[in-house]
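Accompanying notes for the structure given below.
Since we're looking at a predicted model, the values are computed, not measured.
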Amino acid sequence: MRDTPRSAFPHMVALPTRWMDNDSYGHVNNVNYYSFFDTAVNRYLVDRGVLDIHKDDIVGFVVETGCSYFSSISFPDLIHVGVRVAKLGNSSVRYEIALYRNDDGLPAAAGHFVHVYVDRRSNKSVPIPDAVRAILQTLAPA
């Protein structure tokens, strides 16, 4: 995904870096990239009314992640996070995410993560709720 342009993502959200994100090498520490991924996806779901982290009986658990790093990000960069759905299954969804630094045309990093939808009480997988599926389909390729 190193050469993936911003236009390849149906959803984009801007997230500012914070001073505390920098590590001793002067760039954003790798663990924060996963936080950008998680924040962008969950913000999308919350904003569309299909995720209430306190009340929903069915929630998405992250079961797989990966990230490739291409160039450094550091405070005070503004990160533009591109989100798309690569695969929408019965109970799981695989997101592809790219982080674009400031106005850069190509990503500084790109990766994926997988949500498996589970019943909060039993922790057993369940089908993705219809309302969530409809929202996720807007992020999938046509």
Side-chain angles (χ1 to χ4, degrees), residues 1-121 123 125-142:
M1 290 189 14
R2 175 186 290 269
D3 297 324
T4 306
R6 292 176 188 231
S7 60
F9 294 91
H11 178 68
M12 190 74 64
V13 62
L15 298 174
T17 56
R18 304 164 306 168
W19 175 255
M20 66 183 264
D21 295 335
N22 279 3
D23 61 17
S24 60
Y25 300 110
H27 61 264
V28 170
N29 188 272
N30 61 313
V31 71
N32 292 308
Y33 289 66
Y34 290 100
S35 180
F36 293 137
F37 290 0
D38 210 18
T39 298
V41 168
N42 287 303
R43 179 85 256 170
Y44 182 81
L45 298 172
V46 167
D47 287 350
R48 278 142 189 89
V50 294
L51 174 60
D52 183 328
I53 61 171
H54 302 291
K55 296 179 183 175
D56 285 346
D57 292 329
I58 297 173
V59 294
F61 283 176
V62 175
V63 298
E64 179 185 328
T65 61
C67 185
S68 296
Y69 306 92
F70 311 126
S71 60
S72 292
I73 296 171
S74 61
F75 176 82
D77 289 333
L78 180 64
I79 306 307
H80 301 271
V81 186
V83 179
R84 65 185 178 194
V85 167
K87 183 178 180 196
L88 187 56
N90 180 51
S91 62
S92 66
V93 57
R94 179 185 170 101
Y95 300 96
E96 291 181 340
I97 301 133
L99 305 180
Y100 297 85
R101 181 183 158 274
N102 301 318
D103 294 325
D104 291 352
L106 296 177
H112 72 277
F113 78 83
V114 175
H115 266 158
V116 170
Y117 279 80
V118 300
D119 177 275
R120 190 188 296 253
R121 290 183 189 91
N123 282 335
S125 68
V126 297
I128 297 170
D130 291 341
V132 177
R133 179 173 295 283
I135 292 298
L136 293 174
Q137 286 173 331
T138 68
L139 297 176

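Taking all atoms of both residues into account, the shortest heavy-atom contact from Asn123 to Arg120 is OD1-O, 3.6 Å. When all heavy atoms of Ser72 and Arg101 are compared, the pair lying nearest together is O-CD, 3.4 Å. Ala40 and Val83 make their closest contact through CB-CG2, 3.9 Å (heavy atoms, listed as atom of the first residue, atom of the second, distance). Of all the heavy atoms in Leu139 and His11, the pair that sits closest is CD2-CB, 3.5 Å. Minimum heavy-atom separation, Ser74 to Gly26: CB-O, 3.3 Å.
Taken to the nearest 0.5 Å, the CG atom of Asp103 stands 10.5 Å off from the CG atom of Asp77. Note that the CD1 atom of Ile73 and the CG atom of Leu78 stand 10.5 Å from one another [nearest 0.5 Å]. For the atom pair Met12 CE and Arg6 CZ, the distance stands at 6.0 Å (nearest 0.5 Å). With rounding to the nearest 0.5 Å, the separation of CG in Leu99 from OH in Tyr69 is 9.0 Å. Atom OG in Ser35 sits 12.0 Å away from atom CG in Asn30 (nearest 0.5 Å).
Side chain of Asn22 to backbone of Phe75: a donor-acceptor contact under 3.5 angstrom is found. For the pair Thr39 (side chain) and Phe36 (backbone), a donor-acceptor distance under 3.5 Å is absent. In this structure a side-chain-to-backbone donor-acceptor pair under 3.5 Å is present from Asn42 to Asp38. In this structure, the side chain of Asp104 does not engage the main chain of Tyr100 through any donor-acceptor pair within 3.5 Å.
For Asp57, the side chain to side chain donor-acceptor pair (under 3.5 Å) partners two or more places apart in sequence, or in a different chain, are Arg121. With sequence neighbours excluded, no residue forms a ring-ring contact (aromatic ring centres under 6.0 Å, His included) with Phe61. Residues satisfying the salt bridge (charged side-chain N to carboxylate O under 4.0 Å, His left out) test with Arg18, not counting sequence neighbours, are Asp21. Residues forming a side chain to side chain contact (heavy atoms under 4.5 Å, CB included) with Arg43 (at least two apart in sequence, or on another chain): Val46, Asp47.
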Candidate pair Leu51 and Asp56, rule side-chain contact (heavy atoms from CB on, under 4.5 Å), full reasoning: CA-CA 7 Å; Leu51 174 60; Asp56 285 346; 4.0 Å; yes
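Checking Thr65 against Tyr33 by side-chain atom types alone, no donor-acceptor pair falls below 3.5 Å.
A 4.5 Å side-chain heavy-atom check between Asp23 and Val28 finds every atom pair outside the cut-off. The closest side-chain heavy-atom distance from Val81 to Ile97 is below 4.5 Å.
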Taking distance alone, no hydrogens or angles, what donor-acceptor pairs closer than 3.5 Å link side-chain atoms of residues 126-134 to residues at least two apart or in another chain?
unit_1, atom_1, unit_2, atom_2, d
Arg133, NH1, Gly89, O, 3.3
Arg133, NH2, Gly89, O, 2.7
Arg133, NH2, Asn90, O, 3.1

Atom pairs and distances, donor-acceptor, side-chain atoms in residues 107-117, under 3.5 Å, two or more places apart:
unit_1, atom_1, unit_2, atom_2, d
His112, ND1, Arg94, NH2, 3.4
His112, NE2, Glu64, OE2, 3.0
His115, ND1, Tyr95, OH, 3.4

